[in-house]
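Right, one structure below, let's go through it.
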Amino acid sequence: MKVLAIDTSNFTLGIALIEGSQIIGEYVTNLKKNHSLRVMPAIETLLKDCETAPGEIGKIVAAKGPGSYTGVRIGVTIAKTLAWTLKVPLSGVSSLEALAANGRYFNGLISPLFDARRGQVYTGLYQYGESGIETVHEDTNILSSEWAAKLKEFGKPVLFVGQDISLHKEAIAEQLGDLAVFSPPQAYIPRPSELAFIGRDKSEEDIHHFVPNYVRLAEAEAKWLEQQGSSQGKK
């Protein structure tokens, strides 16, 4: 079965096509450009180069967040549309889990992270076991200093993965000291082929109910809900 994976959840635009245990093709860029204009041409180019017709695709996998609100929506929407049009299963994978896969050979815990501004990060905690990547702590939105303090309680080495590491390195190192290991630049961005392999074995999503996982509300949504609560209280 051929699996098409799509990741537009952050600056990285990643498309991959796999079949069985083979990576047929992979397209990756790490540019601050509009994914909405580039993702479909990227898919078309990859399929053409891999001599694969859309009807040969047996499953669609999407990075479902967290990440850029707009970016996550673009990828999820395109994945849902393709799965519906091709009448194939759809699976979602945490964008952080896909990034954590870059640390598969690290003997310890893996903490992928994306910057969430104001000292905060989107992160989670993973490790590799006999069955593959495992979730140790669900994805969350938290101050990097607070997250590092939580990780210190495990008393194990932690590999931090992601291109936003430099923004939080000082706060993390202050808490964890030598237990903090920072990945090299080669492991900063997620590989869409890793996304494809993880998603291949994930349960199928209901296309109509499949939605992004933002981990936290967009600021505008949070303010709107706060206003609605205030309005209700005044009645």
Side-chain angles (χ1 to χ4, degrees), residues 5 7-14 30 61-73 75-76 92-129 132-192 194-195 198-199 202 211-219 221-222:
D7 186 356
T8 64
S9 55
N10 286 280
F11 290 144
T12 303
L13 167 61
N30 189 37
V61 175
K64 64 180 181 180
S68 159
Y69 295 111
T70 301
V72 172
R73 284 196 295 269
V76 167
V93 175
S94 161
S95 303
L96 288 165
E97 182 177 359
L99 178 57
N102 287 354
R104 65 169 56 249
Y105 299 114
F106 182 72
N107 185 23
L109 302 171
I110 307 165
S111 178
L113 63 82
F114 304 132
D115 180 53
R117 299 181 181 180
R118 300 174 184 173
Q120 300 178 86
V121 291
Y122 295 116
T123 189
L125 195 61
Y126 298 85
Q127 66 183 6
Y128 268 89
I133 194 165
E134 302 170 350
T135 302
V136 179
H137 189 291
E138 294 293 335
D139 295 349
T140 186
N141 173 220
I142 189 172
L143 287 168
S144 56
S145 57
E146 185 178 341
W147 177 242
K150 286 180 177 290
L151 296 180
K152 190 174 183 179
E153 298 174 4
F154 286 89
K156 297 180 179 180
V158 182
L159 174 67
F160 293 89
V161 186
Q163 58 186 344
D164 296 328
I165 286 174
S166 61
L167 301 175
H168 304 277
K169 188 173 183 178
E170 184 177 344
I172 292 169
E174 184 177 344
Q175 289 284 347
L176 287 173
D178 292 340
L179 291 176
V181 180
F182 301 97
S183 68
Q186 301 94 310
Y188 277 1
I189 63 176
R191 290 281 304 277
E194 292 281 14
L195 173 68
I198 295 171
K202 293 278 189 182
V211 295
N213 177 24
Y214 298 123
V215 175
R216 72 175 184 186
L217 293 175
E219 188 172 353
E221 293 174 298

For a side-chain contact (heavy atoms from CB on, under 4.5 Å) check, start with the C-alpha distance between Phe160 and Val121, then their side-chain angles and the critical distance, and finish with the verdict.
CA-CA 12 Å; Phe160 293 89; Val121 291; over 6 Å; no
Give me the atom names and distance for the closest heavy-atom approach of Asp7 to Ala63.
OD1-CB, 3.4 Å
Find the distance between CZ (Arg118) and OG (Ser144) and round it off to the nearest 0.5 Å.
14.5 Å
Can a donor-acceptor pair be found between the side chains of Asn10 and Gln163 at a distance below 3.5 Å?
no
Ser183 vs Ile165, side-chain contact (heavy atoms from CB on, under 4.5 Å): CA-CA, chis, key distance, verdict:
CA-CA 9 Å; Ser183 68; Ile165 286 174; 3.7 Å; yes
Pro66 vs Asn141 side-chain heavy atoms within contact, under 4.5 Å:
no
For Tyr69 and Tyr122, work out which heavy atoms get closest and say how close.
OH-OH, 3.4 Å
Closest heavy-atom pair, Gly14 versus Pro192, reported as atoms and distance to 0.1 Å, is C-CB, 3.6 Å
Would the number of heavy atoms belonging to other residues, nucleotides or ligands and lying under 6.0 Å from OH of Tyr128 be above 12?
yes
Worked verdict on Tyr126 versus Leu96 for side-chain contact (heavy atoms from CB on, under 4.5 Å):
CA-CA 9 Å; Tyr126 298 85; Leu96 288 165; 4.3 Å; yes
Could you measure the distance from the OG atom of Ser95 to the NZ atom of Lys64? Nearest 0.5 Å is fine.
9.5 Å
Is Ile133 close to Arg104 at the side-chain level, that is, under 4.5 Å between some pair of heavy atoms?
no
Show the nearest heavy-atom pair for residues Leu99 and Phe114, with the distance to one decimal.
CD2-CE2, 3.6 Å
Hey, is CD on Glu134 packed in by over 12 heavy atoms from elsewhere, all under 6.0 Å?
yes
Determine yes or no for a side-chain-to-main-chain donor-acceptor pair under 3.5 angstrom, with Thr8 supplying the side chain and Leu13 the backbone.
no
Check whether any side-chain heavy atom of Phe154 sits under 4.5 Å from a side-chain heavy atom of His137, and report yes or no.
no
Output for pair (Thr12 OG1, Asn30 CG), nearest 0.5 Å, gives 4.0 Å
Are Thr123 and Ile142 packed together at the side-chain level, in the sense that at least one heavy-atom pair is separated by less than 4.5 angstrom?
yes
CG on Leu195 to NZ on Lys202, rounded to 0.5 Å:
10.0 Å
Note: Asp115 and His168 closest approach over all heavy atoms is OD1-NE2, 2.8 Å
Can you tell me how far the CD atom of Glu146 sits from the CD atom of Gln120, to the nearest 0.5 Å?
9.5 Å
Working to the nearest 0.5 angstrom, can you tell me the gap between Ser111 OG and Phe182 CZ?
10.0 Å
Take Leu113 and Ile172 through the test side-chain contact (heavy atoms from CB on, under 4.5 Å) and record every step on the way to the result.
CA-CA 12 Å; Leu113 63 82; Ile172 292 169; 4.0 Å; yes
Which pair of heavy atoms, one from Ala101 and one from Ile198, lies closest together, and at what distance?
CB-CD1, 4.2 Å
Taking side chain as C-beta onward, heavy atoms only, is Ile189 less than 4.5 Å from Phe11?
no
